[in-house]
Student: 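Below you will find the structure I want to go over with you.
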Amino acid sequence: MKNNEGKIKESSEDTPKTQWTIDRKKCTVCGECIDACKIRLLEIKNKRIIIIDQFSCNWCGDCASACAYDAIVLT
């Protein structure tokens, strides 16, 4: 299931208990997290970084580690 700008859509399917969230106030859209994600789940859309698919995430944390502004956090 795909998401919309880092938020999981409501559904009857199981959803992750935690999810990655991008803090729009901290994010500078530098793209370091996109480069760090080995499974390519991040992209720029409408001048924002979005998480394409939380369900496919392997929870490695590479995207969060690459962010110099601590804009990607688990919620």
Student: Do Val73 and Asp23 make a side-chain contact, defined as non-hydrogen atoms from C-beta onward lying under 4.5 Å apart?
Tutor: no

Student: Check whether any side-chain heavy atom of Trp59 sits under 4.5 Å from a side-chain heavy atom of Leu74, and report yes or no.
Tutor: yes

Student: Using the test salt bridge (charged side-chain N to carboxylate O under 4.0 Å, His left out), find all partners of Asp35 that sit at least two apart in sequence or belong to another chain.
Tutor: none

Student: How long is the gap from CD on Gln19 to CZ on Phe55, to the nearest 0.5 Å?
Tutor: 9.0 Å

Student: Below 4.5 Å, heavy atoms only, C-beta onward: do Ile49 and Cys33 meet side chain to side chain?
Tutor: yes

Student: Return the CG to SG distance between Asp70 and Cys27, rounded to the nearest 0.5 Å.
Tutor: 12.0 Å

Student: With a 4.5 Å limit on heavy-atom distance, are the side chains of Ile72 and Thr21 in contact?
Tutor: no

Student: Do Ile44 and Val29 have side chains that get closer than 4.5 Å, going by heavy atoms?
Tutor: yes

Student: State whether the side chain of Arg48 and the backbone N or O of Glu43 hold a donor-acceptor pair below 3.5 Å, judged by distance alone.
Tutor: no

Student: Minimum heavy-atom separation for Trp20 to Cys57, with atom names?
Tutor: NE1-SG, 3.3 Å

Student: Could you list the residues that satisfy side chain to side chain contact (heavy atoms under 4.5 Å, CB included) with Ser56, not counting sequence neighbours?
Tutor: Leu41, Asp53

Student: Taking C-beta and beyond as the side chain, do Ile51 and Ile22 meet within less than 4.5 Å on heavy atoms?
Tutor: yes

Student: In terms of side-chain geometry, is the basic nitrogen of Lys38 or Asp62 positioned less than 4.0 Å from the acidic oxygen of its partner?
Tutor: yes

Student: Rounded to the nearest 0.5 Å, how far apart are SG of Cys63 and CD of Glu32?
Tutor: 12.5 Å

Student: Walk me through it: do Thr28 and Tyr69 pass the test side chain to side chain contact (heavy atoms under 4.5 Å, CB included)?
Tutor: CA-CA 8 Å; Thr28 63; Tyr69 302 97; 3.5 Å; yes

